[in-house]
Amino acid sequence: MSRGTALRRLAAHEGRWLMSLGWWVARRRIGVAPGERALGYAAAQAALVYGLTFVCGVETVGLGVLLAGKAVVHEVMLFIDVYTVLTVLGLQAAAVTRPHVLGAGELRLRDGARREIRIPLERIASVRYDLRFTKEQDKNGDVAELAVGGQTSVTVELSEPVVAVRLLGQRETVRTVRFHADEGRAAVAAVRAAMAARGGTQDGDAAPEVGGAPVRQG
């Protein structure tokens, strides 16, 4: 991938999370059509995001006092600090305003403003509640993880692979997708119901759920 393409994709990502801040303030969601179900995932990272925001705010005030007599340096650092705070809040805003979306024929999984994986319901072989705490990316190239707060709670196995595109444009073919949902069991039930409505398989209904104890990997 060329440097220009990477820069354009990064700029587009910046624009998406900045736009998410406005939608967050307006309490609106992006890309959720009437009749579709939003599956939230932002709660798992909220405490961390707000904690970082508080720390950045304290740092901004402290540097403002220390650099009070240096106008140029103070203005530069103020800009950097304010932008850092917006970036941190933008992470949460993107997650809140861009939930996973379950439609009549498709499950659309999102990772804030970074990426999106579209899975046709007919390609889902099984879906289950599967709580995992991730320490590192899965080394298996056909597994995609959309972790939040270092965890995933739902695993989707596919009968046919789908193509996932990363932030900088790297394309990967995946057969298993792990993602987090704030209400993981409810998300699983909703996906199974949507599959049943389309006449899809429901082998997950007969399979025991994983989640009594966290499964650690890495």
Side-chain angles (χ1 to χ4, degrees), residues 13 37-52 88 91-103 106-168 170-196 200-218:
H13 172 254
R37 177 166 178 169
L39 306 174
Y41 56 87
Q45 68 181 23
L48 175 61
V49 169
Y50 296 141
L52 285 175
V88 174
L91 175 68
Q92 181 70 1
V96 172
T97 60
R98 298 171 183 271
H100 306 310
V101 180
L102 177 61
E106 181 182 68
L107 175 62
R108 194 157 72 252
L109 302 176
R110 291 152 144 183
D111 185 12
R114 289 182 291 273
R115 63 171 173 163
E116 181 176 285
I117 301 177
R118 293 174 176 264
I119 304 175
L121 293 182
E122 61 267 20
R123 295 194 185 186
I124 298 178
S126 66
V127 55
R128 65 183 185 275
Y129 180 78
D130 183 15
L131 182 61
R132 293 171 178 258
F133 293 99
T134 58
K135 293 183 179 179
E136 57 183 30
Q137 287 288 334
D138 197 304
K139 298 300 188 297
N140 192 341
D142 63 357
V143 177
E145 288 188 339
L146 281 67
V148 180
Q151 68 181 20
T152 60
S153 58
V154 180
T155 294
V156 178
E157 303 284 356
L158 306 179
S159 58
E160 296 180 43
V162 297
V163 175
V165 182
R166 291 188 173 273
L167 174 60
L168 296 182
Q170 303 97 320
R171 299 170 69 85
E172 55 186 3
T173 301
V174 299
R175 289 185 174 273
T176 300
V177 182
R178 299 181 185 132
F179 68 95
H180 177 70
D182 293 335
E183 299 179 0
R185 289 186 172 85
V188 169
V191 174
R192 289 177 178 172
M195 292 169 61
T201 61
Q202 299 180 70
D203 55 343
D205 290 336
E209 289 188 345
V210 177
V215 179
R216 297 182 179 273
Q217 71 175 40

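The figures here come from the full heavy-atom set of this structure, side chains too, leaving out hydrogens, waters and symmetry mates. Here the structure is a predicted model, which is why all the values come from computation and not from measurement. Positions are given from 1, in the same order as the sequence printed here.
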- prompt: In Å and rounded to the nearest 0.5 Å, what is the CG to CZ distance from Leu158 to Arg175?
  reply: 8.0 Å

query: Quick one: side chain to side chain donor-acceptor pair (under 3.5 Å) partners of Arg114, sequence neighbours excluded?
result: Asp111

- request: Would you check if Arg115 and Leu167 make a side-chain contact, meaning some heavy-atom pair closer than 4.5 Å?
  value: no

query: Should Val154 and Val127 count as side-chain neighbours, where that means a heavy-atom distance under 4.5 Å?
result: yes

message: Counting C-beta onward and ignoring hydrogens, is there a side-chain heavy-atom pair between Glu160 and Glu122 closer than 4.5 Å?
response: no

task: Determine whether Val162 and Pro120 make a side-chain contact, defined as any pair of heavy atoms from C-beta on separated by less than 4.5 Å.
output: yes

query: Which pair of non-hydrogen atoms, one from Val148 and one from Tyr41, has the smallest distance, and what is that distance?
result: CG1-O, 3.3 Å

Backbone of Ala181 reached by a side-chain donor or acceptor of Ser153 within 3.5 Å: yes

field: Where Phe179 and Leu109 come nearest, the two heavy atoms and their spacing
entry: CD2-CD1, 3.6 Å

field: For Ala95 against Ala42, the heavy-atom pair lying closest together
entry: CB-CB, 3.8 Å

task: Apply side-chain contact (heavy atoms from CB on, under 4.5 Å) to Asp142 and Thr176, showing your working.
output: CA-CA 6 Å; Asp142 63 357; Thr176 300; 5.5 Å; no

message: Using the side chain to side chain contact (heavy atoms under 4.5 Å, CB included) criterion, which residues pair with Val49? Sequence neighbours excluded.
response: Gln45, Thr53, Val88, Leu91, Gln92

statement: Heavy-atom nearest pair, Glu106 first then Leu121, reads N-CG, 3.6 Å

query: Are the side chain of Ser159 and the backbone N or O of Arg123 linked by a donor-acceptor pair below 3.5 Å?
result: yes

query: So, for Ala44 and Gln151, which heavy atoms are closest and what is the spacing to 0.1 Å?
result: CB-NE2, 3.9 Å

- line: When rounded to the nearest 0.5 Å, the distance separating CE of Met195 from CG of Leu107 is 10.5 Å

message: Side chains of Leu39 and Val101, heavy atoms from C-beta outward: is any pair under 4.5 Å?
response: no

- line: Here the gap from Glu157 atom CD to Ile124 atom CD1, rounded to the nearest 0.5 Å, amounts to 11.0 Å

- prompt: Sequence neighbours excluded, which residues qualify as salt bridge (charged side-chain N to carboxylate O under 4.0 Å, His left out) partners of Arg110?
  reply: Glu116

